[in-house]
Structures are given as structure tokens and as C-alpha cells.
Amino acid sequence: MILKRKHIVSILLALPTLVISQVKDTLSNNALQEVVVTHQSQNKKLQDKKPLASVDDYLATQENITLVRRGAYAWEPMINNMAIERTRQTIDGMQIFHACTDKMDPITSYVEVNNLDGMDITSGSQGSMFGATLGGSIDLRTRKLSFTEQQTFKGQVQTGFESINKQKIAGGNFDFTSKKFYASGSIMFRDADNYKAGGNKEIQYSQFRKLNASGIIGYAINESNSLEASIIYDKAIDVGYPALPMDVGLAEAIITSFKHTYAPTDSWIDKWETKLYYNTITHRMDDTKRPVVPIRMLMPGWTDTYGAYTTLSTTIKEKHHVSVNANTYYNKSLAEMTMLSTIPGATNMFAYTWPNIKTNYGGLTVKDHWQIDDKNSLLVSGTLGINFNHVSQKGVDQLSIFLNDNTFKQNKTRTVGNFAVNYERFDGEWLYGIGTGYGNRAPSVSEGYGYYLFNSGDRYDYIGNPNLKNESSYEGNFFIKYATPAFSTKVSGSIFYLNNYIIGVIDPVYNAMTYGGLGVKKYANIDHAIQGTLDWNFTYNIDANWKVSGGLTYSYGKDSDKNTLPFIAPLAYRTAIDYKYNAFKTQLSLKGNAVKNNAAEAYGEVRTPSYAIVDWNANYDFTIKSKALNVGIGVENILDTYYSTYADWNKIPNPGRNLFVNLTYKL
């Protein structure tokens, strides 16, 4: 078996050497460092692999994106190896904040694939249109409709099954459009048992159940003005997190918005979009299903966000494509911890882990994509914002214990923002780009005001520090791309110098509150940290049916004391062979990481062995009485390898061999 695995891996790794011939082609300019996953109807590349995969699975395939996995559900996305505190995540431009102090509910967990239109992903301080960022941004775009001259109705039903955790998937969606009105709806249900790692080892507390539903209605006032209202409801229950000491009894979100769009046909304004929105998230950590727990705990959390933005796009002299966005939001974050006493008559212990922090933000973002000429373009972007925090008096009382001065006040106002310049040149088959940027951010709710937040990875309790300085980043990036119809390759890289880097530092004065904890860390600014990535990828279309692709990614991260930063990826590689013939498509792929010897031992990490995983999938479209039935099947981790990656919390193993089938019937 070992020889067989080595033989398969060797064949797949040798595929890049097949790149021989090249054919000339032309390229068009695009904004630098921006990745756009287009509408499903225009680009089915991701959907063809595994049509009913989770949003996490799709994110994992994107450049610069890695995910921290604490179980089989709701993985935390990182951009350029930076956690969500240093990046920005939105849904249709709406600011939404997770309600779990342990980041068990990133906002990407509140959207499903059948109401997802695409993802706008930016890298670095170029940022999004919706606020400042250091590492980059993810904007999940839900499905959108347009008005049509003729009434149309489209719909589909979907179902699937996965063997690894007996996951049952069922859902569907519909679209109705007319000249003055449109409506869309979707629903998706998932029910999964514990999954099994390689070697048929069951991973306890990895089950989950999830329901997601969404709806959109639109009305055309006239040819230039339209209104749209939307809602997303997402509810997950009985969610296990095998890498953590607690599970989740409930994660529930309601996300609503009302939008006006002005799109004139003959005006200096290309488009003007204004949106009002509200969302609320309830999250309850639960350990009642764990048989042996030293101290039973209740840990609910809530976030409520009210917001608005207006974005105006225009074109000046056919060269400057300018977008201006003004946005504001109000957020309230509250989380509690109750430690239940096992002694009859004794009092339970209670604390606010997020002591009712209220945040007001207002900001302005401007982007100008200047098409200098046919070969040269420049993208200039900038954001300036004001971030205001207010913490309850109980929060002041709690945190004052850990501060060495009397400067802690209930209110804190910070100026945040970023600025970036990216230049791009097109020259025949070659495309070049170089850029630089600066950004800074305010501390997150946990970093500024968190109270005894237990990190099961390094086994320390974390305490917030409202007197932290803003963390800032100086960035440089580049890419070189060569492309013809048959062959394309790209080398890209970025480097970040992070000043006043925010991270937990051991405070020896205090003892851990959590049973089994090693001590207390207080968030602090260290002098600096340096992070960087270097990526190479290629695609070779051998002929009309066969395609080979692959790449390598190298990452780097050190703090000012030369310690490796946590969650810095080791050398990663991927390669795949695709074949298509008429309505049939199939792919055999290999992905893996090298050994992670430079583990961040100062931050609780340990060495991670190398791994290599082989996957296969196939997809076929049947026509049944003018209707379409899509069948997707596949086997993930064909060799049933038992492995953990550097991003698996507490080194929980990944799923073993998984057989899946997805069916989609278009009405």
C-alpha cells in the first residue's frame, strides 16, 4: 500500500513537466490583487467539482485563503495567513459580527451554496469598498435577479449524501422575474453524524444539523429606479466541535436588508446603490452532551448590528472608473459565562466575557481604477473611518483589575483607514503588477474587552486590553503572469510589516480561571511582526478535452523576537488532471503540505507531519424531457489517509475516505 501511494503521488507531481507548447493570445486589464468568483451560470468550475459542497469548501479553493478547522462545521477563514481580526468579512456589503467568543460562528457559516452568487476577495490593504482591512476582505454575494420583458420562472431541487458522516442534504430554490417585479427563494437542510478519520476512526462530537432559508423581492419603480428587500435565516443546532471543550446548542442568524438602486441610462452616474440593513445573531455554547466535564458551563453570546451604506460609481473621461462608498454601522456585542457549581447550595460563578460593548463606525472609501492606456492601468484606493467603542460599567469594573494605570475609560475613539496603490502593465502574453499599501485597525472586541476567554490551543485564558494601540501594516506585493489559450502561469507574492502587532502575552501575576489552564495572557502590542506569501500556479490545456493545473505556495511569519507566528502555512502544493467530453467532466487531484518544522512553539503550536491527499470527482448532465438533471459523484481522500494539518485546532484529524453523490434537477 505504501508503494502504491508513493507511485500515485509521484505520477501526479510529475504532471507539470508536461507543459510543452504555447499559443499566442491577448489579455485585458483587470484590477490588481482582486479575485472574483463569478455567477454560477457563468462559471460553474467550482460547482462541477462538488455541487453541494459547503461554502467553506469553496473558500478553501481560493488563492490566499486558508481555513482554521475546529470541527466539521463553520471553519474560520484567513487571508494571507491572517485571522478574521485582521481581515474584513461581509455579506452583500453588510457588516455582520460573529457572536461566539471562540470564533465558532464566522459569518461565512450563515450563507449556503444555493443562495450564493459568488465571492469578491481582495488581498491586502487594497481592501474592500466597505471598510479598512490589513490582510484582505471577503464579500459573499448572494444570488441576484434582474427584471425581464417576459415573465420567467426557474427552479431546481437538490439532494445529496456523504458517506463519511452520513450527511443528508436537501434543498432547492426558485426565481420569478417580470418587467416590474421579481422574487427568489431558497432553502437548504443538512444533517450529519460524527465523521470518521482515516482508518475508520470515529471523531466524537463532530455532528451538526443546519437549516438555511433566504428570500428576495424586487420592484421596478421606473427604468432607472428599483427597490429590493432580502432576508436570510440560518439556524444550526447540535453542532459538535471535537477540537474544543464545548459544543454548540444553537447558532441562529437573521440577516435583513432594504436596497434602492439608481441606474440611469444617460447620466454621469453609472450606478448608485443605497442599502439599510439589520442583523442579529444568537450563539449558545453547550457542554451538556460531554460525559465528563470538570465544571459545567453556560456560554451564550449575542450580536446585533444596524447599518447603512451608499455606493456611487461613475466613469470620468472613459479612463477613470471611480467608486465612492460611505458606510456606517452600530454593533452591540454581549457574551456571558456561568460556571455551574457542583456543590449543593453553592453559588454559581458568573462573568461577562464580552461586557456589552457597543461600537459605532463611520467611514468613506474611494477607489479609482485609471485605465492610462491600452497597456497600463493604476488602481488607487483609500478608506478613512472613525471607530467609537463604549463598554458597560460592569466591563470597566472587570477589566480594571488587570490594568496597571487609571487610564481605562468607558469610551474610546480611534481613527482607522488604509491606502493602496497598484500598478499593472499588459504586454502581449505578459501581465505585470506591483503595489504598495498601508492600513491600520482598531482592536477587535475580544482583544480590547474580552474577559477570561479560554484558548484550548495553548491552554491560556485571555484578557482584553482597551488601551491597545492601533495595529498597522505596511505592504508590498507583485505578480507576473504569462497566458496563451493553451498555457498560463502566474507568480505572485506579498510582504507585510505589522507594527504594534496585537497578540496575547503571558502575565505571570494572575492564575488561570479555567480548569486545566496554564495561566493568563493579556492582549498587548509587541514591536512588530513580518508576514509574507509567495505563490506559483499554472494551467495547461493539452487539447479540447484534457487540462493539467497545479501550483505551490510558501508562507512566512515571524514576530519581533524571531518566533514563528501561529497558523503560518508550511509549503503547500496542489495539482490536478481534468477531462471533459460533451456533458461529462471528471477530475483527479492531489493536494498536500510539507512538514511544518517551524511550529510556533512560543504560541502553543507543535510540529505537523506532511500529508498528501488524492481526490476524484465526476459530473454529468442528463436531459429528461427538456429538463436537466445534474449528477455529481466523487471520492475524497481516496487512500483513506489519517492526517492533521497546521490549521486543524488541537490537531484534530481530517475526514477519511468519503464517497459523495449530489443530484440537481432543474425545473
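Everything numeric in this text was worked out from a predicted model, so none of it was measured.
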If you draw the axis of the six-membered ring of [Y], does the NZ or CZ of [X] fall within 45° of it and under 6.0 Å from the ring centre?
{"X": "Lys166", "Y": "Phe161", "result": "no"}
{"X": "Lys490", "Y": "Phe479", "result": "yes"}
{"X": "Lys547", "Y": "Tyr540", "result": "no"}

>> Is it the case that the ring center of Tyr219 lies less than 6.0 angstrom away from the ring center of Phe181?
In response: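 Ring centres of Tyr219 and Phe181 not closer than 6.0 Å.
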If only side-chain N and O atoms count, and only distance matters, is there a donor-acceptor pair under 3.5 Å linking [Y] with [X]?
{"X": "Gln587", "Y": "Tyr579", "answer": "no"}
{"X": "Ser492", "Y": "Glu63", "answer": "yes"}
{"X": "Thr261", "Y": "Trp272", "answer": "no"}
{"X": "Asn173", "Y": "Gln156", "answer": "yes"}

>> Before you tell me yes or no, could you show the steps for Tyr329 and Phe97 under ring pair (Phe, Tyr, Trp, His ring centres under 6.0 Å), namely the whole-Å CA-CA distance, both residues' side-chain angles and the distance that decides it to 0.1 Å?
In response: CA-CA 11 Å; Tyr329 64 82; Phe97 295 88; 5.4 Å; yes
Smallest separation among heavy atoms of [X] and [Y], with atom names:
{"X": "Arg657", "Y": "Ile638", "value": "NE-O, 2.8 Å"}
{"X": "Ala576", "Y": "Ser589", "value": "CB-CB, 3.8 Å"}
{"X": "Val113", "Y": "Ala53", "value": "CG1-O, 2.8 Å"}
{"X": "Tyr643", "Y": "Asn637", "value": "CE2-ND2, 3.9 Å"}
{"X": "Ile652", "Y": "Ser644", "value": "O-OG, 3.0 Å"}
{"X": "Asn200", "Y": "Asp640", "value": "N-OD2, 4.1 Å"}

> Is any NZ, NE, NH1 or NH2 atom of the basic residue among Lys275 and Glu273 found under 4.0 Å from an Asp or Glu carboxylate oxygen of the other?
Replying inline: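 No, this pair does not count.
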>> By the definition salt bridge (charged side-chain N to carboxylate O under 4.0 Å, His left out), identify the one residue from Lys49, Lys50, Lys591 that meets it with Glu636.
In response: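 It is Lys50; the other options fail the test.
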>> Does Phe130 form a ring pair (Phe, Tyr, Trp, His ring centres under 6.0 Å) with Tyr309? I'd like the steps, not just the answer.
In response: CA-CA 8 Å; Phe130 307 105; Tyr309 72 78; 5.2 Å; yes
Do [X] side-chain atoms and [Y] backbone N/O form a donor-acceptor pair below 3.5 Å?
{"X": "Arg143", "Y": "Asn114", "value": "yes"}
{"X": "Asp648", "Y": "Thr645", "value": "yes"}
{"X": "Ser184", "Y": "Phe174", "value": "yes"}

>> When you compare the side chain of Arg574 with that of Thr553, does any pair of heavy atoms fall below 4.5 Å?
In response: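 Thr553 reaches Arg574 side chain to side chain.
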> Hey, which of Asn279, Asp105, Asn212 is the one that makes side chain to side chain donor-acceptor pair (under 3.5 Å) with Tyr110?
Replying inline: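 When side chain to side chain donor-acceptor pair (under 3.5 Å) is applied between Tyr110 and each of Asn279, Asp105, Asn212, only Asp105 qualifies.
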